[in-house]
Amino acid sequence: MNQLHRTHERRRAPLRPATPDDFLKASNLLFGLFHHSVDQDAQDLDRQVWEADRTLLVTDGDEVVGHTFAAARDITVPGGVLPAGHITGVGVAPTHRRRGLLTRLMRRQLRDLHDAGREPLAVLWASEARIYPRFGYGLASTRLELTIDTREVRLPEATAAGRLRVGAPADLFPELSKVYDMVRQERPGWSSRDEGWWAQVLADSPGRRDGATERRAVVHEGEGGVDGYAVWRTKGGWNHGGPNAEVHVSEIAATDPVAYAALWRFLLGIDLARTVTYGFAAVDDPLLYLASDPRQLNTHFSDGLWLRVVDLPAALAARRYASDVDVVLEVSDPVLPENAGRWRVTGGPGGAACERVDTEPDLACDIADIGAAYLGGSSLAAMAAAGRVRELRPGTLNAASTAFGWYRQPAAPEVF
């Protein structure tokens, strides 16, 4: 054992809840970990949503060397809305890696969430996807990143009149937030936003524009009022063939298919632009069925939201199921053993129940598999084909897999 390792063993860095006075040190750590220069405007926005009593730190003397934060937000799930810890700002200083600090932070955070009893779920975006399954997170939503050649894609002609209005996102904020709240009622994976989180989503620091313009917003007005919006910026460009600008769409939402199509016609028709990019399309996005040539959307499949079931019986009883279900699950959970064991899930579209039982199980899986299937995006049958879910009673897998699905694929429109 070398001297450095002996020193680390003798001095175990303390893990503790944060206090308001820790914000600047924690913020500076995160800016460095995610390779950003310290930005005062961004720090001011972060301070609006950062909650000391929901933050865990590892310290070494006066320095903050580890951090994780569980924001208190709601998330739409099949058939309802639930509180969920939105995990963000997870990281350990490069000087303190390989000491188990991340494991301590993640395990303590899950224990605290479970013991508090308020949030049966935790969700996050993974900067490195291989990290989080070992803490019980499953891939609950996926997304399509689009790089659209505007000269090759046409949409159907408009079938109804509507009005488009362009402005600064701040000026159109009441319309944006109203439409967003309406859309998220039906789409699993969308999270609630208070003013602080809206400020995060619409943040527009000049230092992070990468040569593009400020954000702009457009709203669509139908017969009943505003029913859709998009937020985007442009990046000018020319080549020897002429104009070659890019349109970068950060968010688009609509309560009506006419509005959704009209917004995309607008975005694809911006003068001098040849490419439109959008990184958060759902895998069942309507644009896939509107585009004259879906190949020219140039889709790239990527992971989205990772979900951890914190309180299994509460979580499985709170969501709704696409069809009637009556299945006994044998679940393993080495991090939160309260979730481990045999659970009978009964219910359907109108309600559900989950109770601990001693009867023989129908299916066996890990808690991460429950997390992956929870929003209706990952199929139990597909995971069984990968050897992750095991059918113990023949004939039970297909019915359970159908019940855990949903009529809309989950999506998540923002990285938090």
Side-chain angles (χ1 to χ4, degrees), residues 41-42 45 143-155 158 162-180 182-184 187 190 193 197-222 226-238 243-282 285-288 290-291 296-300 302 304 411-416:
D41 291 338
L45 290 172
R143 61 191 169 110
L144 299 178
E145 298 173 349
L146 311 181
T147 305
I148 307 170
D149 185 338
T150 61
R151 292 163 293 187
E152 298 294 335
V153 173
R154 295 290 180 269
L155 304 186
R163 179 188 175 213
L164 294 169
R165 182 158 44 93
V166 173
D171 296 336
L172 295 174
F173 173 71
E175 290 96 333
L176 270 59
S177 61
K178 178 181 178 181
V179 171
Y180 180 88
M182 293 174 66
V183 172
R184 79 178 183 90
R187 179 68 86 166
W190 281 42
R193 293 176 181 169
W197 282 105
W198 266 108
Q200 290 279 327
V201 169
L202 300 177
D204 199 15
S205 170
R208 296 194 183 183
R209 293 177 185 168
D210 193 27
T213 66
E214 71 279 4
R215 291 191 194 275
R216 295 160 179 163
V218 57
V219 296
H220 180 273
E221 295 181 8
V226 174
D227 52 9
Y229 71 86
V231 179
W232 87 98
R233 63 171 92 246
T234 59
K235 186 174 184 178
W238 296 80
N244 194 39
E246 301 171 1
V247 177
H248 300 304
V249 180
S250 58
E251 191 159 290
I252 181 168
T255 62
D256 180 86
V258 171
Y260 196 72
L263 290 166
W264 273 113
R265 285 192 206 94
F266 169 83
L267 295 167
L268 294 171
I270 291 175
D271 285 342
L272 307 182
R274 297 293 179 261
T275 304
V276 176
T277 64
Y278 178 48
F280 297 94
D285 198 288
L287 188 60
L288 297 169
L290 288 168
Q296 302 306 322
L297 300 178
N298 295 302
T299 59
H300 173 75
S302 187
E414 66 179 280
V415 176
F416 49 82

- [ ] Check whether more than 12 heavy atoms from other residues, nucleotides or ligands sit under 6.0 Å from atom NZ of Lys235, and answer yes or no.
- [x] yes
- [ ] Return the minimal non-hydrogen interatomic distance between Thr147 and Asn298, and the atom names on each side.
- [x] O-ND2, 2.8 Å
Task: Approximate separation, where rounding is to 0.5 Å, of Leu272 CG and Glu246 CD - done: 13.0 Å
Open item on the list: Could you report the tightest heavy-atom contact between Leu155 and Ala261, atom names first, then the distance?
Closed with: CD1-O, 3.9 Å
Open item on the list: Between Asn244 (side chain only) and Trp238 (backbone N and O only), is there a donor and an acceptor less than 3.5 Å apart?
Closed with: no
- [ ] Could you tell me which residues satisfy side chain to side chain contact (heavy atoms under 4.5 Å, CB included) with Thr255, sequence neighbours excluded, listed by chain and number?
- [x] Val179, Met182, Val183, Asp227
Open item on the list: Please find the pair of heavy atoms, one from Ala253 and one from Trp190, that lie closest to each other, and give the distance.
Closed with: CB-CH2, 3.9 Å
Task: Pairs meeting criterion side-chain hydrogen bond (donor to acceptor under 3.5 Å, both in side chains) with involvement of residues 269-281, two or more places apart - done: His248-Thr277
Open item on the list: A side-chain contact here means heavy atoms from C-beta on lying under 4.5 Å apart; do Leu164 and Leu263 qualify?
Closed with: yes
Task: Reported CG-to-CG distance for the pair Leu268 and Asp149, which is rounded to 0.5 angstrom - done: 10.0 Å
Task: side chain to side chain contact (heavy atoms under 4.5 Å, CB included) partners for Gln200, two or more places apart - done: Leu45, Asp46, Val49, Trp197
Task: Ser250 side chain near Phe280 side chain, heavy-atom distance below 4.5 Å - done: no
TODO: Could you tell me which non-hydrogen atom of Leu176 sits nearest to which non-hydrogen atom of Pro169, and how far apart they are?
DONE: CD2-O, 4.4 Å
TODO: Quick one: list whatever passes side chain to side chain contact (heavy atoms under 4.5 Å, CB included) with Val258, sequence neighbours left out.
DONE: Thr159, Ala160, Asp256
Open item on the list: Restricting to non-hydrogen atoms, name the atom on Thr150 and the atom on Ala273 that form the minimum distance, rounded to 0.1 Å.
Closed with: OG1-O, 3.4 Å
- [ ] Could you tell me whether a side-chain N or O of Arg143 sits under 3.5 Å from a main-chain N or O of Gly279, the two making a donor and an acceptor?
- [x] yes
Less than 3.5 Å apart, which donor and acceptor atoms pair up between the side chains of residues 201-212 and the rest of the protein, not counting sequence neighbours?
{"unit_1": "Asp204", "atom_1": "OD1", "unit_2": "Arg209", "atom_2": "NE", "d": "3.2"}
{"unit_1": "Asp204", "atom_1": "OD1", "unit_2": "Arg233", "atom_2": "NH1", "d": "2.9"}
{"unit_1": "Asp204", "atom_1": "OD1", "unit_2": "Arg233", "atom_2": "NH2", "d": "3.1"}
{"unit_1": "Asp204", "atom_1": "OD2", "unit_2": "Arg209", "atom_2": "NH2", "d": "3.4"}
{"unit_1": "Asp204", "atom_1": "OD2", "unit_2": "Arg215", "atom_2": "N", "d": "2.8"}
{"unit_1": "Ser205", "atom_1": "OG", "unit_2": "Asp39", "atom_2": "OD2", "d": "2.7"}
{"unit_1": "Ser205", "atom_1": "OG", "unit_2": "Gly207", "atom_2": "N", "d": "3.4"}
{"unit_1": "Arg209", "atom_1": "NH2", "unit_2": "Asp204", "atom_2": "O", "d": "3.1"}

Task: Interatomic distance, Lys178 atom NZ to Phe173 atom CZ [nearest 0.5 angstrom] - done: 13.5 Å
Task: Separation between CZ of Phe266 and CD1 of Ile252, rounded to the nearest 0.5 Å - done: 10.5 Å
Task: Heavy-atom pair with the smallest gap, counting every atom of Leu287 and Tyr260 - done: N-CE2, 4.1 Å
Open item on the list: With a 4.5 Å cut-off on side-chain heavy atoms, are Arg165 and Glu175 touching?
Closed with: yes
Open item on the list: Side chains of Glu251 and Tyr229 only: does a donor on one sit below 3.5 Å from an acceptor on the other?
Closed with: yes
- [ ] Kindly write out the residues that satisfy side chain to side chain contact (heavy atoms under 4.5 Å, CB included) with Asp171, not counting sequence neighbours, or none if the list is empty.
- [x] Ala168
Task: Between CG on residue Leu146 and CG on residue Leu144, distance to nearest 0.5 Å - done: 6.0 Å
Task: From Ile270 atom CD1 to Trp232 atom CH2, the distance as rounded to the nearest 0.5 Å - done: 5.5 Å
